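None of the values given here were measured: they were computed from a predicted structure. A, B, ... follow the sequence lines: proteins, then strands. Residue 1 opens every chain.
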4 protein chains.
Amino acid sequence: MKRNKPKFKQIIDAAVIIIAENGYHNAQVSKIAKQAGVADGTIYLYFKNKEDILISLFQEKMGQFIEKIEEDITEKEKAVDKLYMVIEKHFKLLSDDHHLAAVTQLELRQSNKELRLKINDVLKGYLRVLDSILETGIAGGEFRDNFDRRLARQMIFGTIDETVTTWVMNEHKYDLMALVPGVHDLLIKGFGVSS
Amino acid sequence: MKRNKPKFKQIIDAAVIIIAENGYHNAQVSKIAKQAGVADGTIYLYFKNKEDILISLFQEKMGQFIEKIEEDITEKEKAVDKLYMVIEKHFKLLSDDHHLAAVTQLELRQSNKELRLKINDVLKGYLRVLDSILETGIAGGEFRDNFDRRLARQMIFGTIDETVTTWVMNEHKYDLMALVPGVHDLLIKGFGVSS
Amino acid sequence: MKRNKPKFKQIIDAAVIIIAENGYHNAQVSKIAKQAGVADGTIYLYFKNKEDILISLFQEKMGQFIEKIEEDITEKEKAVDKLYMVIEKHFKLLSDDHHLAAVTQLELRQSNKELRLKINDVLKGYLRVLDSILETGIAGGEFRDNFDRRLARQMIFGTIDETVTTWVMNEHKYDLMALVPGVHDLLIKGFGVSS
Amino acid sequence: MKRNKPKFKQIIDAAVIIIAENGYHNAQVSKIAKQAGVADGTIYLYFKNKEDILISLFQEKMGQFIEKIEEDITEKEKAVDKLYMVIEKHFKLLSDDHHLAAVTQLELRQSNKELRLKINDVLKGYLRVLDSILETGIAGGEFRDNFDRRLARQMIFGTIDETVTTWVMNEHKYDLMALVPGVHDLLIKGFGVSS
DNA sequence: AATGAATGAGTGTTCATTCAT
DNA sequence: AATGAATGAACACTCATTCAT
């Protein structure tokens, strides 16, 4: 399996750096090859084409994150705690790797529609995680049961995503981790007064 | 002023159609010119370059929407009603023009970073509108006053944006307008049970 | 006759300034029109096309110079004095008008071959003047009669031209007029020792 | 070093032919590539841009000529013989390659000012050769010592250049080599009678 | 497995010229 | 005579991908 060979990861890590530093449209295959320390042609022994590098990059980084979070939240019993953990780990992942944050929030979105559709496939796993948290919460009486679940998970994902994007666009000039409680609180309670 | 000449709008409308139908990267200037019924060179009498068409497109369509919504919400007294109106009119704008929806939610995001920064300038007006609604709501006792307002407005914008994008990616196969009450409800109350 | 209308000269003078200041390839018709204080289209009432402006420019400036010099040298009796006068007046013309010097020595040579051939027609008058001086000199015993007259006139013209071009390329940083005696002396006597 | 690879020379030779046959402004990169038997993109592996082809062309052809002539004239002892050799070899170079003659005398002069300045750098080597010949001649008593050397070398270069250009403009319809003695004679002795 | 020289398709923009007013 | 908005042809250069070694 190519995914497990060292050069596979080597090229993906090179891609993250090159894209973060040069922007999506200035991240030529030859630059990535140079950064990875391989010849241009070698890239094509591990990836079908340039797009495949980007998809693989997203799968490796976000896909693994989703798999991991899926496991991690089993530790927590309550849905509110599971949700807190998702937000926290999501923010942590990107807070710890500014290059990756720039790539996922800004650069990769400049890709064409097909690539974005494939990226969305990866994100479906994320939405499944959110779904299961919502289910747990409703079953356990932590969440009400009269809301549109699909909308709720779009709210959760949209809010997290927008928060991170704004942070990246502001050049990480404030602490993303500090926002975890506020985001969690707003998602659960909204900003209205409880009756 | 060029912005008021008929050909200015004519070219922008042509651009929306061509970009929606061909995708951002296949929307050649010559295609746009042909659709607009003008010569290639005429484009450059009204726009500095191709990027300028896209910025102007966004300014015309979203910028005007924001200006209008700013006025319209003065009709409503309560913050919850103002918010409802924003969601409703935002969804309506894009629900009524599927081409425009595809362009704003998918295609225009493929532009380079500089263009996206300019687009963000336009969106700052939107965030200001949301801010003022939140202020009104807090002042009037409709909203609680112990939440991070910047996060709240990112939640509102992120949720609306994500909801529309998902709708566009699903090829408009359900009724976007039907989601207005659900989105409004979730934003105000969250999905937690009120204590 | 268009040549005598005020706008004809107005446009030519504008062309000299625009070409000198912007270079041949940045001297757009619209710039020349603006400098001349007329509309773009008006140019085409006086000139067949852009090339025609440049030919006319050269004809007006150098053609008139040649006609004048042809008359002026009749004042002098001796061929050496006639030659001196030619060099002197040629240098003076360009020394007095740095814009014109830049245009004739550098910018106009960037034109295409056809234009250069037409410019050469104008210069044929110059060569005729030089021919007649050589004839006079030979007849009067001032010049020897065993040299190739065509080569001699190419030497005269080539030397004058090269001297002016070098002066323009050195940004007129020395006094061109001071070189008249030296050029005259070298042309008549060469640099060999006379036997 | 790219300059020594066969394709480098191959492309330059193709450029000479294409420019001579089509003129400077009709010498598209794709035409040159086709003539050279390489792909358009290959050109850019050897040259920075189109202008770089032209500079390199001049450097290869004239630069090498100058280096060679510098060596060759050491064979001759007398300055008059050295000068004769320069004229002869210069005429021979261009007499033997009509394409090259057309390119250096007519086409390359249509280039923009910056390119011409770089061409002038190459020609500085030529002027140095002429200087050293003049020095030798003065030191050896062959040439007088009361003339402006800068003017003299401008006379030599200007005369040679004008003679070749006239020959090219007359479509090589007479024998350039036959003019060598006449040019040499005029430069040394001028056309005046020796006192 | 790895290389890297070679390929060649694809497009935004300028500006001389026209012509309806 | 004069205008100036509109025209549309023309081209250098990049870079993802291949394939002989």
Side-chain angles (χ1 to χ4, degrees), chain A residues 2 5-7 11 25-34 36-54, chain B residues 2 5-8 10-11 25-34 36-54, chain C residues 2 5-7 11 25-34 36-54, chain D residues 2 5-8 10-11 25-34 36-54:
Chain A
K2 292 201 187 304
K5 299 211 180 167
K7 280 189 182 160
I11 290 166
H25 288 293
N26 266 309
Q28 291 83 354
V29 172
S30 60
K31 263 189 202 153
I32 296 174
K34 198 171 185 185
V38 300
D40 293 17
T42 305
I43 299 267
Y44 291 85
L45 298 174
Y46 294 88
F47 300 90
K48 224 171 56 249
N49 49 35
K50 186 181 179 179
E51 191 173 89
D52 190 30
I53 307 176
L54 306 175
Chain B
K2 294 208 187 301
K5 298 206 182 166
K7 281 190 183 158
F8 182 85
Q10 201 173 320
I11 291 165
H25 289 293
N26 261 309
Q28 291 84 351
V29 172
S30 59
K31 265 189 201 152
I32 296 173
K34 199 170 185 185
V38 300
D40 292 17
T42 305
I43 299 266
Y44 292 86
L45 296 176
Y46 294 88
F47 301 90
K48 225 171 51 252
N49 48 36
K50 187 180 178 181
E51 190 172 87
D52 191 31
I53 305 177
L54 305 174
Chain C
K2 291 203 188 300
K5 298 211 181 165
K7 280 190 182 158
I11 291 166
H25 288 292
N26 264 309
Q28 291 83 355
V29 171
S30 60
K31 263 190 203 152
I32 296 173
K34 197 170 185 186
V38 300
D40 293 16
T42 305
I43 299 267
Y44 292 86
L45 299 173
Y46 294 88
F47 300 91
K48 221 169 60 249
N49 49 35
K50 187 181 180 181
E51 191 172 88
D52 191 30
I53 306 176
L54 305 175
Chain D
K2 294 207 187 301
K5 297 206 182 167
K7 281 189 182 155
F8 183 85
Q10 201 173 319
I11 291 165
H25 289 293
N26 262 309
Q28 291 86 352
V29 171
S30 60
K31 265 190 201 153
I32 295 173
K34 198 171 185 185
V38 301
D40 291 18
T42 305
I43 299 267
Y44 292 88
L45 296 176
Y46 294 88
F47 301 90
K48 228 175 46 252
N49 50 36
K50 186 180 177 180
E51 191 174 86
D52 190 31
I53 306 177
L54 305 174

Sugar-phosphate only, base, or nothing, as touched by C:Y46 at under 4.0 Å among non-hydrogen atoms: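 Touches sugar-phosphate only.
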
Sugar-phosphate only, base, or nothing, as touched by A:K7 at under 4.0 Å among non-hydrogen atoms: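 A:K7: backbone/sugar contact only, no base atoms under 4.0 Å.
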
Strand partner of F:dC15, provided both Watson-Crick or wobble distances fall under 3.5 Å: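 By the stated definition (distances under 3.5 Å), E:dG8 pairs with F:dC15.
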
G-U wobble or Watson-Crick pairing nucleotide for F:dT21 (cut-off 3.5 Å, both distances):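 Matched F:dT21 with E:dA2 under the 3.5 Å cut-off.
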
Position toward the 5' end of DNA chain F (nearest nucleotide), A:V29 or D:S30: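 The residue closer to the strand's 5' end, by nearest nucleotide, is D:S30.
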
Nearest-Å distance for atom pair CD1/P, residues D:I53 and F:dC13: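 Going from D:I53 (CD1) to F:dC13 (P), I get 8 Å.
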
Rounded interatomic separation in angstrom, taking OH from D:Y44 and P from F:dT14: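 So the OH-P distance, D:Y44 to F:dT14, works out to 7 Å.
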
Sub-4.5 Å side-chain heavy-atom contact between A:I32 and A:V29: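 SC-SC contact between A:I32 and A:V29 ruled out.
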
Heavy-atom side-chain contact between A:K34 and A:K31 under 4.5 Å: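 The answer is no, as the side chains (C-beta and beyond) never meet within the 4.5 Å cut-off.
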
Nearest-0.5 Å distance that lies between atom CD in A:Q28 and atom CG in A:D40: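 It is 10.5 Å, given to the nearest 0.5 Å.
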
B:I53 side, atom CD1; B:E51 side, atom CD - distance, nearest 0.5 Å: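 Going from the CD1 atom of B:I53 to the CD atom of B:E51 covers 10.5 Å.
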
5′-ward residue of the pair A:D40/B:K48 relative to DNA chain E: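 That would be A:D40.
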
Residue closer to the 5' end of DNA chain E, D:G41 versus A:L45 (nearest nucleotide):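 Nearest-nucleotide comparison on DNA chain E picks A:L45.
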
Minimal non-hydrogen separation, C:N49 against C:Y44, with atom names: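 Closest pair (atom of C:N49, atom of C:Y44, distance): CA-CE2, 3.9 Å.
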
For D:F47 against D:F8, the heavy-atom pair lying closest together: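 Closest pair (atom of D:F47, atom of D:F8, distance): CE2-CE1, 3.4 Å.
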
Covered region of DNA chain E, 5' end to 3' end, by chain D [heavy atoms, under 4.0 Å]: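 The protein-touched segment is E:dA6 to E:dG8.
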
